[in-house]
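Step one of this worksheet: look at the structure below.
It should be emphasised that the depicted structure is a prediction, and the values quoted were computed from it without experimental measurement. A, B, ... follow the sequence lines: proteins, then strands. Residue 1 opens every chain.
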There are 2 protein chains.
Amino acid sequence: MQPIPRRTLTEAATEALRERILRGVHRAGEPLRQEALAAELGVSRIPLREALHRLEAEGLVALVPHRGAIVAEVPVGDLAELFELRALIECDLLARAIPLATPEDLEHARGAAGVFAQAVTRGRTAQLGEANSRFHAALYAPANRPRTMELVERLHMQCDRLLRLQLTLTDGGAQAVREHEALWHAVSDGDLSRATQQLQEHILGAGTRLAAAIASQTRQEG
Amino acid sequence: MQPIPRRTLTEAATEALRERILRGVHRAGEPLRQEALAAELGVSRIPLREALHRLEAEGLVALVPHRGAIVAEVPVGDLAELFELRALIECDLLARAIPLATPEDLEHARGAAGVFAQAVTRGRTAQLGEANSRFHAALYAPANRPRTMELVERLHMQCDRLLRLQLTLTDGGAQAVREHEALWHAVSDGDLSRATQQLQEHILGAGTRLAAAIASQTRQEG
DNA sequence: CGGCTGCATATTGGATACAATAACCGGTCG
DNA sequence: CGACCGGTTATTGTATCCAATATGCAGCCG
């Protein structure tokens, strides 16, 4: 029996605010006025402030003393770094996971891939990031690397914010679905080098295309 | 001109408490009573609680709703994972740094290595962790990878807590000094493969020795 | 004698209240 | 007309206070 689905206002505020930032409800650089936000969430400033400190540690919020909190800038300058870091870590995870993967693991990953594919075809852009993370997490789960997984989750969070800058997901999503399928088959075959190769291309390719899209968009606007 | 060496009580409490935990003033699992700790730090519970939430995100504190905060357990079970993760990421960093390293970078790293060596010979165990981190950071700095660096810093934090469990640093420190020197020479020669090879052995070796030491210690105690 | 119930106490969670700092704005002086 | 200076207001930082929850103990009941 599970004893404690406890929930404190601080936790609730943290999740709500994190979700808001990731979904783009608050734009990067936007100041987060404590009183207003607290009222909007139906709490006082105390739990909200605790949430802000938590999210600062996660890199979603920047706190300036006596000036308040602002939504952290999307790390466009570090885009390449983030995606390359993901490729490095996730390929290592996958290499460790493949030899340990059970048929149940594969089935689970296949399900997650399906969820992502559905989200793409139905245009549920809000769920894409999480569905994608879940698929990747399912692939890596057999490696049994909790610390690394947590880290990857945070990286995905940052990358999702970058993706949201550029909603070219219409075609990028379709390509991701195809790559997920190919990746899954490689994993399913136990073909370690092919799988890591495809994973690396999947991640780095997404980063490159995203960088190009953002660059062209910035050029147009600037 | 530097505009703002601002300091809020929350920040001060965060750093003080982080330092205390890393230095082992508070043992793992020890409950952190808010009122007592706040009084000890000379602040009220509010900034202390904000500090606790920050440190929870950093993995140094665990918050249990309505039961309070406890010092997070040292991740002995994840020791291998942490050191292997460090090896993976830091070798990549070093490989990127070497081609970009300037003579000034090398000099800086050499200085950091000297500081670490002095800390070892003088038995300043409290400073070893930071000195070690600084040397590694100096090596990687030319890579210009701020996100990765931040991540590595957090990993070092966790690894330092593990090291503190087992103060066999007397000989481990001397070995680390030698390995740092060899590593620095390899970097200085621009020998990428030799340098990464030595770095990998340096990190993984430390992890392995630490695991063995902890295992034998646990066996004795258990 | 053991376990459960209910009160008393300690501690945390959260809200309100106050102090400190920064942003704003108008006026004055050069 | 522009820049400095003062006060005014908005907002954050922190302390105090109250409510909610957990912990421990004593007494009751089986």
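One interatomic measurement links the two molecules: NE2 of A:H66 to P of C:dA20, which rounds to 11 Å at whole-angstrom precision. Rounding to whole angstrom units, CG of residue A:L37 and C1' of D:dT12 are separated by 14 Å. Atom pair A:I70:CD1 and D:dT12:P shows a separation of 12 Å (rounding to whole Å applied). A straight line from CG of A:L9 to P of C:dG13 spans 11 Å, rounded to a whole angstrom. A:E50 places its CD atom 8 Å from the P atom of C:dG13, with the value rounded to the nearest Å. Protein atom CZ of B:R7 is 15 Å distant from nucleotide atom P of C:dT21, rounded to whole Å. Atoms CG (B:L48) and C1' (D:dG13) sit 15 Å apart, rounded to a whole Å. Taking atom CD of residue B:E56 and atom P of nucleotide C:dG13, one finds them 11 Å apart after rounding to whole Å.
Shown here is B:R110, whose CZ atom has no more than 12 heavy atoms of other residues, nucleotides or ligands within 6.0 Å. In B:E153, the CD atom is not crowded: 12 or fewer heavy atoms of neighbouring residues, nucleotides or ligands sit closer than 6.0 Å.
Taking only side-chain nitrogens and oxygens, A:Q34 comes nearer than 4.0 Å to OP1 or OP2 of D:dG13. The side chain of A:T10 places an N or O atom within less than 4.0 Å of a non-bridging phosphate oxygen (OP1 or OP2) of C:dG14.
A:T8 comes within 4.0 angstrom of the backbone, heavy atoms only, and of no base. The residue B:I46 sits close to a base: some heavy atom pair falls under 4.0 Å. Heavy atoms of B:L32 sit under 4.0 angstrom from primed sugar atoms or phosphate atoms, though from no base atom.
Side chain of B:R7 to backbone of B:A12: no donor-acceptor contact under 3.5 angstrom is found.
A residue-by-residue look at A:R45 and A:E11 shows that A:E11 has its nearest nucleotide of DNA chain C further toward the 5' end.
The side chain of B:S44 sits closest to D:dT16 out of C:dA15, D:dT16, D:dT12. Of the candidate nucleotides D:dT21, D:dT14, C:dA15, C:dA15 has the atom nearest to the side chain of A:V43.
If you check distances only, the side chain of B:R49 never reaches the base of C:dG14 with a donor-acceptor pair under 3.5 Å. For B:R67 against C:dG13, a side-chain-to-base donor-acceptor contact under 3.5 Å is absent.
Atom NE2 of A:H136 is separated from atom NE2 of A:H202 by 3.5 Å, given to the nearest 0.5 angstrom.
For B:R54 and B:E50, the salt-bridge test fails: no basic side-chain N is under 4.0 Å from an acidic carboxylate O.
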